[in-house]
Amino acid sequence: MKILIVGGGGREHTIACKLSESPLVDKIYAAPGNGGIAQIAECVPISATDIDGVVKFATENSIDLTFVAPDDPLVLGMVDALEAKGLKAFGPRKAAAIIEGSKVFSKELMKKYNIPTAQYEVFSDSSAALEYIKDKKCPIVIKAEGLALGKGVIIAQTQEEAKEAILSMMEDKQFGDAGNRIVIEEFLTGPEVSVLAFTDGKTIKPMVSAQDHKRAYDGDKGLNTGGMGTFSPSRIYTPEIADVCMKEIFIPTMEAMNKEGRTFKGVLYFGLMLTPNGMKVIEYNCRFGDPETQVVLPRLKTDFAKILLAIVDKRLDEIEIEWYDNAAVCVVMASGGYPQKYEKGYEITGIDEACKEDNITVFHAGTALKDGKIVTSGGRVIGVTATGANLDAAIKDAYKAVKKISFKDAHYRTDIGIK
Ligand code: AMP
Ligand code: GLY
């Protein structure tokens, strides 16, 4: 089988690695891929949001399955465009990807179907939003409706910050049209956990749990980033909690999407918070998380390609999905300055040395091949994943590997997996 992976970050490198282990897969292409993916797949210079380009490539190269990994092409309808040409695609159609593409849609879905989430109001007018927050206590959470590279959520600590957030989203259009409407919601507290689930619309099978570290610096200080590291399993997600989530959140969400005529096929990501009043949904994503994938997929025992085909053909109920009884930790090494301004083009050394250990994989996120050398080409550069018998062992080995790798101004957190 020939597979085309759309995307070019650490998540897509992990997907490519896992698919390359499958006996069902003969050849992998990536659009556009990156310096790491290029070592196991053929990278083609088509951007991840170029729907016509991807459809044309898949048609001309008789691709058997196109895996659309990032949120933006899914929300734009890449899967619909591929299917319209009779091509097989993995990922939700546009009508279902809206669960991530519009926070107004997802909040209304949860309210309508009694899926636990933070209380909220929607505003399409900034003066009404400003009036609403006047007698609300802080912190309060302000969210742009649309996709905003993970930066569209502001936890306002004061009325003044809330006002600024509302004005910058709705008046200054900081996130463009994504801020035409906003959600203002109650601030919840508690530990967070990410659960990704395979679903074909009939059956939903959660993967092993994970937790992300979003802030740039140790101790959850600094700005929010795309994710500075992850670990799996979560330390709080017990089998009892998993049962409750299945009954109150996962199955109800799948069924709600069916009832709305928006059957979801692909990977549904549940961003959850364990509040004093039970587990609540903080957000949905319509895809694998990045860098959650870098700790979840290495723990998958069942043939990944087999699962993807079962979902596309709506027979997920027929297969059993097995996981290794271990743990995984991913430490992201970023460019100095990230998530703000940073330089690119620095040579990265030590990756081969770090990968000599069987339990270490280095997933490339922002790298490129230049004159035969791997150089930095993005904010999050690589994710160093270690597997181990338990979290403590995996943490120790991940950091041992990180110390072998270097590039100018490299920055990483030293507390991934600890909290
Ligand atoms: P989101 O992009 O919706 O996942 O939000 C990003 C992060 O903001 C989440 O991972 C939470 O840490 C935080 N967050 C979002 N909504 C809330 C909320 N209602 N209360 C507290 N924290 C929140
Ligand atoms: N790591 C969070 C996300 O993928 O949205």
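Each ligand, and each atom within it, is numbered from 1 in the order the structure gives.
- Using a 4.0 Å cut-off to heavy atoms of Phe187, the atoms of ligand 1 that qualify are 20 (N), 21 (C).
- When side chains are defined from C-beta on, Phe57 does not count as touching Val55, because their heavy atoms never get closer than 4.5 Å.
- Not a single heavy atom of Arg11 sits under 4.0 Å from any atom of ligand 2.
- The part of Glu186 lying near ligand 1 is the backbone, judged by heavy-atom distances below 4.0 Å.
- Using a 4.0 Å cut-off to heavy atoms of Asn285, the atoms of ligand 2 that qualify are 3 (C), 5 (O).
- For atom 7 (C) of ligand 1, the nearest protein heavy atom is 4.0 Å or more away.
- Here's the thing with Asp212: one of its N/O atoms is less than 3.5 angstrom from an N/O atom of ligand 2.
- What sits closest to atom 5 (O) of ligand 2 on the protein, heavy atoms only, is Arg287 NH2, 2.9 Å.
- Scanning all protein heavy atoms for the shortest distance to atom 21 (C) of ligand 1 gives Leu188 O, 3.1 Å.
- Closest approach of Ile418 and Arg235 over heavy atoms only: O-NE, 3.7 Å.
- When hydrogens are left out, the protein atom nearest atom 19 (N) of ligand 1 is Glu185 OE2, 2.7 Å; that is the closest non-hydrogen contact.
- Among protein heavy atoms, atom 12 (O) of ligand 1 sits closest to Glu192 OE2, 2.5 Å.
- Of the polar atoms of Glu283, none of the N or O atoms is found under 3.5 Å from an N or O of ligand 2, judged by distance alone.
- Screening Leu4, Ile3, Val25 for a side-chain contact (heavy atoms from CB on, under 4.5 Å) involving Leu65 leaves a single residue, Ile3.
- Near Glu292, with a cut-off below 4.0 Å to any heavy atom, the atoms of ligand 2 are 1 (N), 2 (C), 4 (O).
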Q: Show the numbers, then the answer: is there a salt bridge (charged side-chain N to carboxylate O under 4.0 Å, His left out) between Asp325 and Arg299?
A: CA-CA 8 Å; Asp325 182 19; Arg299 301 186 57 206; 5.2 Å; no
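- The closest donor-acceptor contact from the side chain of Glu283 to the backbone of Glu100 lies at 3.5 Å or more, if one exists at all.
- By the 4.0 Å heavy-atom criterion, Tyr269 is counted among the residues contacting ligand 2.
- With respect to atom 16 (N) of ligand 1, the closest heavy atom belonging to the protein is Lys143 NZ, 3.0 Å.
- Checking each of Asn285, Val267, Leu297 against Leu196 for a side-chain contact (heavy atoms from CB on, under 4.5 Å) leaves exactly one that passes, namely Val267.
- Residue Gly289 has at least one heavy-atom neighbour below 4.0 Å for each of these atoms of ligand 2: 4 (O).
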Q.
With side-chain contact (heavy atoms from CB on, under 4.5 Å) as the criterion, how do Phe363 and Asp290 come out once you've worked through the C-alpha distance, each side chain's angles and the decisive distance to 0.1 Å?
A. CA-CA 11 Å; Phe363 296 116; Asp290 189 344; over 6 Å; no
Q: Run the numbers on Ile348 and Ser406 for side-chain contact (heavy atoms from CB on, under 4.5 Å), then give the verdict.
A: CA-CA 6 Å; Ile348 309 169; Ser406 58; over 6 Å; no
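- In this structure, His213 has its ring center closer than 6.0 angstrom to the ring center of Phe231.
- Residue contacts with ligand 1 for Ile155 involve side-chain atoms from C-beta outward but no N, CA, C or O (heavy atoms, distance under 4.0 Å).
- Close contacts of ligand 1 with Val153, meaning ligand atoms under 4.0 Å from a residue heavy atom, involve 1 (P), 2 (O), 3 (O), 5 (O), 8 (O), 15 (C).
- Side-chain atoms of Gln340 never come within 3.5 Å of backbone atoms of Gly337 as a donor-acceptor pair (strictly under, hydrogens ignored).
- The atoms of ligand 1 that sit less than 4.0 Å from any heavy atom of Lys214 are 10 (O).
- Under the 3.5 Å distance criterion, with hydrogens and angles disregarded, no donor-acceptor pair is assigned to the side chains of Thr199 and Lys265.
- Checking Thr230, Asp290, Asp71 against atom 4 (O) of ligand 2, the nearest heavy atom belongs to Asp290.
- No more than 12 heavy atoms of other residues, nucleotides or ligands lie within 6.0 Å of CG in Asp177, so this atom counts as exposed by the packing criterion.
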